[in-house]
Every structure is written in structure tokens, then in C-alpha cells.
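These figures come from a predicted structure and were not determined experimentally. In what follows, chains carry the letters A, B, and so on, assigned in the order in which the sequence lines appear, proteins first and then strands, with residues in each chain numbered from 1.
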There are 2 protein chains.
Amino acid sequence: MRTGRKRSLGKGRGGGEAAFAELLKKKGLKVTLERQKIYEEVASMNNHFDADELFERFKAKGLPISRDTVYRNLPLLLEAGRVQKSAGEGKREYFENMEAGGHHDHMICVHCGTIVEFRSEAFEALQQKLCEKHRCKLIYHDHRLFVECARCSNNVEKGARRAVHENHEAK
Amino acid sequence: MRTGRKRSLGKGRGGGEAAFAELLKKKGLKVTLERQKIYEEVASMNNHFDADELFERFKAKGLPISRDTVYRNLPLLLEAGRVQKSAGEGKREYFENMEAGGHHDHMICVHCGTIVEFRSEAFEALQQKLCEKHRCKLIYHDHRLFVECARCSNNVEKGARRAVHENHEAK
DNA sequence: TCTCAATTAAGATTTAATCCTATTTATGAG
DNA sequence: CTCATAAATAGGATTAAATCTTAATTGAGA
């Protein structure tokens with residue numbers, strides 16, 4: 001790398017940076033400039049994204065961060081609680097910034113593919129409790145409710161024939 | 001097909017068969033012998049499985065059911081509540097028979113890949129409530145807690161270095 | 001200062017899942 | 001029972017996500 005930017009991980013005021021720096025330290029991993037950039041880019045994301053999108057962003061910015069590096073490091077961000085897995089359209093793994101809009105889960109209509117985000121403290125609390133009971137530490141979770149939304153429910157009742165899971169085919 | 005086996009869907013005493021038959025009818029889909037066989041095979045499964053495994057089973061039995069057919073029809077079983085998505089080792093989609101051992105969800109250790117099944121009425125009830133609130137009908141869900149299990153937690157504390165998400169690479 | 005973890009480029013590989021074409025089968029409505 | 005057509009088949013091609021390979025370079029951190 002050629003930029004002379006100073007290191008910032010571990011000095012940040014937000015909890016996120018510290019958590020990531022701690023994780024790297026605990027694992028004996030190096031704080032590379034690439035990891036910092038990935039961290040920063042993710043922190044600036046407001047929408048769902050996938051690994052490839054992230055890679056493309058760096059490319060667009062002229063930052064020489066390879067696809068491999070993005071793929072290699074995203075799991076670290078998951079583990080640090082910096083991102084969560086998320087619902088998306090294709091078969092890719094989707095992620096989202098935990099700090100933008102806070103944590104939430106998803107309801108997906110199996111017919112039309114509509115995605116509704118929801119947030120439930122009750123679920124969060126239950127999960128924590130369950131993990132404690134099993135003496136595990138919750139890192140992140142993936143919770144998706146596949147539903148038939150009210151609109152589609154109507155259509156099906158009316159006898160409308162539609163392709164099976166047409167959303168699965170949609171790009 | 002050459003077997004002259006009589007149709008059985010829709011006449012079964014269990015709730016599962018009826019639900020599947022109803023779904024097919026509602027969608028205007030035919031009750032084919034292949035769909036029956038897939039239904040039956042899934043009903044006999046006690047462990048997690050993926051689409052390809054199911055296909056291999058038919059091949060082993062000498063039933064000429066193609067991979068495509070399995071892939072095409074599994075979503076119907078999901079929709080009918082006959083199977084649920086499940087946690088597995090690779091990146092495949094895993095399923096499991098809802099009636100064998102009842103419904104459950106999973107905790108997966110991000111380090112060693114250990115999978116622990118759990119069952120929680122509280123989660124089930126909350127999900128139902130949430131769906132009602134959104135006027136949706138819950139078809140199935142996918143709920144996975146990614147954790148650091150007690151054993152791995154110890155190892156990490158002790159400073160042991162391990163590959164990042166080594167389970168992701170394991171076959 | 002120096003070692004080695006981590007990165008890069010660029011292309012190859014793997015593998016899940018889906019699609020294609022032409023043909024055959026058999027469901028379910030009439 | 002007849003028949004149109006939905007759904008299946010084989011089996012090979014394709015797509016696309018994710019990972020790996022190799023050889024060379026870089027730079028974090030002791």
C-alpha cells in the first residue's frame with residue numbers, strides 16, 4: 001500500500017472499532033490497512049450489501065483491495081458483531097451494517113419476495129438467555145421468517161396460478 | 001412411470017399429507033407419482049438432508065426421479081410445512097423432516113462447527129404473534145444462532161491461534 | 001531491523017443450482 | 001374413456017458464488 005494514513009483501529013470512540021481491534025488481537029491477526037478500509041467502508045453502508053458489492057466499491061474508489069481479501073475478512077466483521085447476515089434476493093450471502101438503523105431481522109414473502117424488516121427486543125432477549133443457558137457466547141444470528149403476505153394470500157385464495165416461488169428465479 | 005401404485009395423497013390420516021395435497025390443489029398443480037415419492041421419502045428421513053442427498057436416495061432405490069425434479073419440488077414441501085430449512089456444514093441448503101423429532105432450530109459454533117439443536121416454544125409463539133401483527137401467514141423460518149461455544153471460548157482465551165472460520169473450509 | 005503473515009494479480013477450480021432441448025409420460029378435466 | 005397439456009426424463013451446458021493457486025510483493029509488529 002502507498003497511502004500513509006495513520007492507524008485508527010483501537011483508538012476509536014465507538015464500540016465497534018474497539019470490538020474489531022480486540023478480536024484481531026485475540027486471534028493474533030494483524031491490523032492491516034485493508035482490514036481498516038473494509039471496516040470503514042462497512043461502517044458507511046446504510047443498505048444491505050454482499051461481498052462482491054463491497055469489492056466493487058473499492059475498485060470504484062481506486063483502492064487496490066482484492067475480492068479475496070474482502071471474502072477473507074468479512075467473517076471477521078461478523079464475528080466482531082460489526083455486521084450481521086441479512087436477507088437478500090439471490091443466493092448470495094447478504095450482510096448489513098449493525099450500526100446503521102440498528103439490528104433487525106426479516107420477513108420474506110415466499111410468493112412475491114417482498115422483504116419486511118422487523119425489530120424485536122423479545123427475540124433478542126430470548127436469544128441471549130438461551131445462549132447463556134448453553135454457556136455459549138452469541139456472536140450473531142440469522143433469523144428469517146418466510147411468510148405468505150396478506151396480498152399474496154388474497155391472490156392465492158382467488159385461485160390465481162403463479163409460478164412456484166417465482167421470486168427464486170427473479171434476478 | 002411404470003409402477004401401478006395407487007394414489008395416497010389426500011387420503012392420509014396424518015396432517016402432513018393433507019396439507020401437501022391441499023397446497024397442490026390450491027396451486028393447481030398435479031399430484032404426480034414423483035411428488036408422492038418425494039413426499040414419502042422426506043417423511044421417512046430422520047436426519048438433516050440436502051436436495052442432492054435426496055436425489056441420490058432415489059437413484060440408489062432405482063427410482064427414476066431426476067435431480068431437477070427434486071430441486072423443483074422441495075420448495076413445495078417447504079411451503080406445505082412438511083420440511084424446514086436447517087443448518088448444515090457446507091453452503092448447501094439443508095432441510096429436515098418436521099415430523100421426525102419435531103421442529104427445532106440451531107446454534108452453530110463459528111469456530112469448531114459444532115451444531116446444537118434447540119427447541120423453544122417461546123420463540124415459536126413470538127413468531128406467530130409477529131406474523132399475525134403483520135397479517136402474514138408464517139410458512140417456515142430459518143433461525144440460526146452463531147456462537148462461540150464454551151470449549152472454543154476457552155481455547156481462544158488461552159491464545160490458541162486457529163484458522164479463521166476453519167469450519168467453512170471443511171468438507 | 002527483520003520475519004513472516006497478509007496481500008496482490010490473474011487465472012483456474014469447485015460446486016450448487018438451474019437451464020436447455022427433445023422426447024416421453026400420465027394427471028385430471030370433460 | 002379420451003385427450004390436451006403439465007410435468008417428467010436424460011444428460012449435457014451453463015451460471016455464478018466462493019475459494020484456491022502460484023509467485024511475487026508488502027508491511028505489521030516483535
Please tabulate, for the side chains in residues 127-137 of chain B, all donor-acceptor contacts under 3.5 angstrom to protein atoms that are two or more places apart in sequence or on a different chain.
residue: B:Gln127; atom: OE1; partner: A:His143; partner atom: NE2; Å: 2.7
residue: B:Gln127; atom: NE2; partner: B:His141; partner atom: ND1; Å: 3.1

**Prompt:** Rounded to whole angstrom units, what separation is found between the CZ atom of B:Phe58 and the C1' atom of D:dA8?
**Reply:** 14 Å
**Complete:** From the candidates D:dA10, D:dA8, C:dT7, the one with an atom nearest any side-chain atom of A:Arg35 is C:dT7
**Prompt:** Do you reckon B:Tyr140 sits in the same ILVMFWY cluster as A:Ile108, going by side-chain contacts under 4.5 Å, direct or chained?
**Reply:** yes
**Request:** Return yes if a side-chain donor-acceptor contact under 3.5 Å exists between B:Glu96 and B:His104, otherwise no.
**Result:** yes
**Item:** Protein-nucleotide distance (A:Leu24, atom CG; C:dT7, atom P), rounded to Å
**Value:** 10 Å
**Item:** Any B:Thr32 side-chain nitrogen or oxygen under 4.0 Å from OP1 or OP2 of D:dA8
**Value:** yes
**Prompt:** Between B:Glu56 and B:Lys59, is there a salt bridge with N-O shorter than 4.0 Å?
**Reply:** yes
**Message:** Could you tell me if the side chain of B:His106 sits less than 4.5 Å from the side chain of B:His48, heavy atoms only?
**Reply:** yes
**Prompt:** Where do A:Cys149 and A:His111 land on the side chain to side chain contact (heavy atoms under 4.5 Å, CB included) test, with the steps shown first?
**Reply:** CA-CA 8 Å; A:Cys149 71; A:His111 296 295; over 6 Å; no
**Fill in**
Assign each of B:Asp68 and B:Lys91 the nucleotide of DNA chain C bearing its closest heavy atom; nearer the 5' end lies the nucleotide of B:Lys91
**Item:** Euclidean distance, atom CG of residue B:Asn73 to atom C1' of C:dA17 [Å, nearest integer]
**Value:** 15 Å
**Item:** Whole angstrom value for the distance that separates P of D:dA7 from CD of B:Gln36
**Value:** 14 Å
**Item:** Between P of C:dA17 and CG of B:Asp50, the distance in whole Å
**Value:** 7 Å
**Request:** For B:Ile65 and D:dA8, give me the distance from atom CD1 to atom C1', rounded to whole Å.
**Result:** 10 Å
**Item:** Lys/Arg N to Asp/Glu carboxylate O, B:Asp50 vs B:Arg92, below 4.0 Å
**Value:** yes
**Fill in**
To the nearest angstrom, the CZ-C1' distance between A:Arg67 and D:dA16 comes to 11 Å
**Asked** In whole Å, what is the span from the CZ atom of A:Arg92 to the C1' atom of D:dT19?
**Response** 15 Å
**Message:** As a check on the pairing definition, encode DNA chain D in dot-bracket form, counting Watson-Crick and G-U wobble pairs whose two distances are under 3.5 Å, and using | for partners outside this strand.
**Reply:** ||||||||||||||||||||||||||||||
**Request:** Please state whether the phosphate of D:dA7, meaning OP1 or OP2, lies under 4.0 angstrom from any side-chain nitrogen or oxygen of B:Arg72.
**Result:** no
**Request:** Ignoring backbone atoms, establish whether A:Tyr71 has a side-chain N or O less than 4.0 Å from OP1 or OP2 of D:dT19.
**Result:** no
**Asked** In terms of the nearest nucleotide of DNA chain C, which residue is placed more toward the 5' end: B:Glu93 or B:Lys30?
**Response** B:Glu93
**Position toward the 5' end of DNA chain D (nearest nucleotide), A:Ala51 or B:Phe55** = B:Phe55
